[in-house]
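Every chain is numbered from 1, with letters handed out A, B, ... down the list of sequences.
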2 protein chains.
Amino acid sequence: MSDPKIRNMEDFAAVSGISRPTVSKYFNDPDSVRKSTREKIEAALKKHNYRPNIYAVNQNRRQTKNIGLVVPNLTDPFFAGIARTIEGLIVKAGFNPLLLSSHGGPEQEIANLDSLRSIKPAAVLLAPLGRASLDEQVAEFAREVPTVLFDANLDNVGEAFFGSDNEQSVNLIVEYLCRSGEAPAFFEVRQPINPNAYKRRTAYKAAMERLGHEPHLIQVDGQGWNFEEIGFREGARVLTSRKLPTNTILCSNDRLAIGLLSAAYENGIRVGLREGDALRIAGHDDHPFSRFTCPSLTTVSQNYDAIAARSVETALLLIESKERMKTREETLFEGKLEMRGSA
Amino acid sequence: MSDPKIRNMEDFAAVSGISRPTVSKYFNDPDSVRKSTREKIEAALKKHNYRPNIYAVNQNRRQTKNIGLVVPNLTDPFFAGIARTIEGLIVKAGFNPLLLSSHGGPEQEIANLDSLRSIKPAAVLLAPLGRASLDEQVAEFAREVPTVLFDANLDNVGEAFFGSDNEQSVNLIVEYLCRSGEAPAFFEVRQPINPNAYKRRTAYKAAMERLGHEPHLIQVDGQGWNFEEIGFREGARVLTSRKLPTNTILCSNDRLAIGLLSAAYENGIRVGLREGDALRIAGHDDHPFSRFTCPSLTTVSQNYDAIAARSVETALLLIESKERMKTREETLFEGKLEMRGSA
DNA sequence: TATAGAAATTTACGCGCGTAAATATTGTAA
DNA sequence: TTACAATATTTACGCGCGTAAATTTCTATA
């Protein structure tokens with residue numbers, strides 16, 4: 001840009017004709033200096049494109065401008081989407097998001113929190129895996145760093161939780177399925193990784209009983225996050241070998257449903273609402289791809305814009321007040337029925 | 001853990017009975033100190049769980065241990081997958097990966113590079129968007145920071161490039177389609193965001209001509225990264241309104257194909273290889289979901305394990321040698337045919 | 001034009017660590 | 001035991017910035 005190499009704030013202050021402490025003030029808050037001063041600095045900024053050394057800044061500031069964001073699995077488009085939304089909100093608030101994925105593993109989750117610790121974030125947004133084994137370590141982290149949970153709740157961990165009202169959403173789709181056809185069976189993995197899955201199972205049973213139907217769980221074996229694979233493999237077994245008590249299947253999540261749809265297709269079982277269709281399949285979450293399955297997947301969408309917004313909002317509040325919450329807030333948002341072709 | 005609060009390396013050195021400079025040496029390389037010293041430090045480490053302040057460390061070290069990783073769009077499972085693989089390799093090498101997504105926008109890409117700059121990474125792995133408008137800024141970045149490109153190439157930018165051999169892979173699938181049925185038309189967006197898309201178009205034309213067929217491009221309008229949406233919307237128009245010159249369509253990527261499959265389904269057009277199927281559809285990339293479409297998608301897989309491995313390897317080499325490459329390396333890996341149900 | 005209050009400057013210190021040079025201590029081999 | 005090399009310690013400085021206190025300069029109002 002210009003001749004004299006700008007090595008630090010000292011140099012930059014010199015070329016801009018302002019003292020270093022004032023320049024420092026400017027970078028912490030441009031509006032905290034006089035307009036004429038601000039203009040001088042910004043003029044110099046255009047010429048020399050200097051930026052404060054982030055390490056020196058963070059070493060001396062009481063608080064960093066970093067906000068950690070930990071999701072269970074970035075290869076799941078659902079979490080990729082919500083992560084992106086949250087990132088945007090964090091940036092808009094003038095903070096620096098640090099996105100980490102736990103890749104489905106509790107150890108990685110702990111490792112993520114550990115590496116966040118060393119970055120000294122002002123706050124952390126965490127969508128926990130919810131594996132009991134390591135929950136105490138997560139809780140310990142949340143005691144050290146202001147933490148907001150989202151998507152999945154852990155009892156009494158963090159300052160607040162924002163997620164979906166599984167009871168409401170499952171009830172919504174069960175009711176819909178019951179009034180539009182046969183009562184659904186519930187398709188899920190036997191030992192889910194996600195705490196929400198347990199809530200959905202319970203909610204399914206309750207909804208069925210309330211409506212005067214007998215719940216029917218189809219629990220299949222499967223580990224990890226390959227839900228499509230599990231849904232496909234185990235779905236094929238269920239569809240071909242077992243006698244289904246109903247022609248309607250509600251899946252614990254959309255990714256299972258996608259696998260199950262594929263299994264049905266491979267086995268020549270027509271899914272949908274049209275004349276001659278033999279099976280109805282519904283999901284939960286409104287996965288980005290669920291509108292492009294064949295047939296398109298009827299499901300319940302989560303209000304993740306609201307979840308993202310409130311989570312970030314709360315984290316910013318914690319940062320601003322420099323205090324912890326007096327009472328832990330738990331807010332559940334309602335799901336919305338997405339009626340499509342599969343059920 | 002213990003009574004005396006450890007605030008810094010000074011304190012920690014005191015409780016471990018070792019001098020601070022030696023402790024500093026230990027943290028830079030545990031093997032650089034005598035075994036008995038190492039054991040003392042590690043004993044203290046277990047008691048007090050001290051960790052060096054990362055900001056102070058990075059301020060003073062000549063080089064950070066950070067490696068930047070920028071992908072075009074994390075909500076695309078393809079990139080989420082390769083990002084995860086690369087992250088793992090970086091961690092294994094003892095470095096700290098910083099994952100950023102450009103969310104499909106060139107401005108965001110520049111913003112990402114900008115924020116990486118302030119983190120002073122030892123190297124950066126970049127899968128560029130390849131929008132001509134801002135390429136010069138990317139090139140400028142690569143001149144400042146050792147940069148390895150992957151997935152998409154930019155002429156003469158960065159120290160090396162690793163990606164797929166689109167010519168080979170497209171040729172592979174065109175040949176397969178031609179010998180197993182009618183020659184394919186090529187379905188793509190008119191003005192792709194991805195440089196690879198142009199290469200594939202060219203490769204398609206060349207392959208067709210070599211095989212004695214007339215190329216047929218089906219170019220549709222569409223902006224951004226909603227490929228499924230584009231494939232669905234425009235695919236429906238093409239399938240219903242236009243006279244297709246062939247019963248076989250090769251899509252520029254799997255996500256377009258997923259949308260197109262959905263459009264075909266909605267319009268009652270049976271896709272596949274079975275008796276009575278009216279259309280064959282093939283894709284490119286081997287998207288994680290492509291084996292669960294209905295029917296499962298025939299496509300070409302990219303060797304992204306190799307791409308990831310070589311990219312990281314090269315970045316580490318650059319870091320170690322503290323030099324730039326003498327000659328810019330470009331390595332293309334071959335695709336593999338994934339024969340499934342759709343073509 | 002005088003004057004109070006706001007803003008900028010000067011001066012100075014500290015953050016936690018890397019790193020270098022000189023010195024002291026340890027370990028190893030003859 | 002001696003002697004030499006490998007390690008550790010002591011001492012000291014610097015990195016780039018935040019921040020505080022005292023002082024000076026500026027701006028707005030009477």
Quiz item: Once you round it to whole Å, what is the distance between C1' of C/dG16 and CZ of B/Arg51?
Solution: 16 Å

Quiz item: Taking only residues two or more places apart in sequence, or in another chain, which ones meet B/Phe95 in a ring pair (Phe, Tyr, Trp, His ring centres under 6.0 Å)?
Solution: none

Quiz item: Is there a donor-acceptor pair closer than 3.5 Å between any side-chain N or O of B/Asp151 and the backbone N or O of B/Pro128?
Solution: no

Exercise. Could you tell me whether the side chain of B/Arg84 and the main chain of A/Asn73 form a donor-acceptor pair under 3.5 Å?
Key: no

Quiz item: Looking at DNA chain C, which of residues 111-119 of chain A put a heavy atom within less than 4.0 Å of it?
Solution: none

Exercise. Please identify each residue that fulfils side-chain contact (heavy atoms from CB on, under 4.5 Å) with A/Ser24, with sequence neighbours left out.
Key: A/Met9, A/Asn28

Exercise. Rounded off to whole Å, could you give me the CD-to-C1' distance for the A/Glu10 and D/dC15 pair?
Key: 12 Å

Quiz item: Looking at residues 37-44 of chain B, who's got a heavy atom less than 4.0 Å off DNA chain C?
Solution: none

Self-check item: Atom-pair distance (CG on A/Asp11; P on D/dC17), nearest Å
Solution: 9 Å

Enumerate all atom pairs, one protein N or O and one N or O from nucleotides 23-27 of chain D, separated by less than 3.5 Å.
none

Quiz item: So, B/Ser115 and B/Ser118: side-chain donor and acceptor under 3.5 Å apart, yes or no?
Solution: no

Quiz item: Which comes earlier along DNA chain D counting from the 5' end, the contact point of B/Val33 or that of A/Asn53, where each point is its nearest nucleotide?
Solution: B/Val33

Quiz prompt | Length of the line joining A/Gln59:CD and D/dC15:P, which is rounded to integer Å | solution = 14 Å

Self-check item: Nucleotide D/dC17, atom C1' - distance to NZ of B/Lys120 in whole Å
Solution: 13 Å

Self-check item: Distance below 4.0 Å between B/Thr22 side-chain N/O and D/dT9 OP1 or OP2
Solution: yes

Quiz item: With distance as the sole test, does B/Tyr55 use its side chain to make a donor-acceptor pair with the main-chain N or O of A/Ile119 at under 3.5 Å?
Solution: yes

Exercise. Compute whether any side-chain donor of one residue and acceptor of the other, for B/Asn153 and B/Glu330, lie under 3.5 angstrom apart.
Key: yes

Self-check item: Below 4.0 Å: OP1/OP2 of C/dC17 and any side-chain N or O of B/Tyr50
Solution: yes

Quiz item: Over how many whole Å does the gap from A/Phe27 atom CZ to D/dG16 atom P extend?
Solution: 15 Å

Exercise. Could you check B/Arg328 against B/Asn156 for side-chain contact (heavy atoms from CB on, under 4.5 Å), going step by step and ending with a plain yes or no?
Key: CA-CA 7 Å; B/Arg328 187 173 185 280; B/Asn156 235 353; 3.8 Å; yes

Self-check item: Closest non-hydrogen atom pair, A/Ala160 against A/Thr314
Solution: CB-CG2, 4.0 Å

Quiz item: Which class fits the ring pair A/Phe12 and A/His48: parallel under 30°, tilted 30 to 60°, perpendicular over 60°?
Solution: perpendicular

Quiz prompt | Interatomic distance where NZ belongs to B/Lys35 and P belongs to D/dA8 [whole Å] | solution = 14 Å

Self-check item: Out of C/dT10, D/dC17, C/dG18, whichever nucleotide has its closest atom nearest the side chain of B/Val57
Solution: C/dG18

Sort me out a list of protein N/O and nucleotides 19-22 of chain C N/O pairs below 3.5 Å, or just none if empty.
{"residue": "C/dT19", "atom": "O4", "partner": "B/Arg20", "partner atom": "NH2", "Å": "3.4"}
{"residue": "C/dA20", "atom": "OP1", "partner": "B/Arg62", "partner atom": "NH2", "Å": "3.2"}

Quiz prompt | Side-chain donor or acceptor of A/Ser102 paired with backbone N/O of A/Gly104 under 3.5 Å | solution = no

Self-check item: CD-CG distance between B/Glu329 and B/Leu149, expressed to the nearest 0.5 angstrom
Solution: 12.0 Å

Quiz item: Between A/Arg20 and A/Glu10, is there a donor-acceptor pair closer than 3.5 Å when you use the side chain of the first and the backbone of the second?
Solution: no

Quiz item: How many Å lie between CG on B/Asn8 and C1' on C/dC15, as a whole number?
Solution: 9 Å

Self-check item: Donor-acceptor contact below 3.5 Å, side chain B/Thr64 vs main chain B/Lys120
Solution: yes

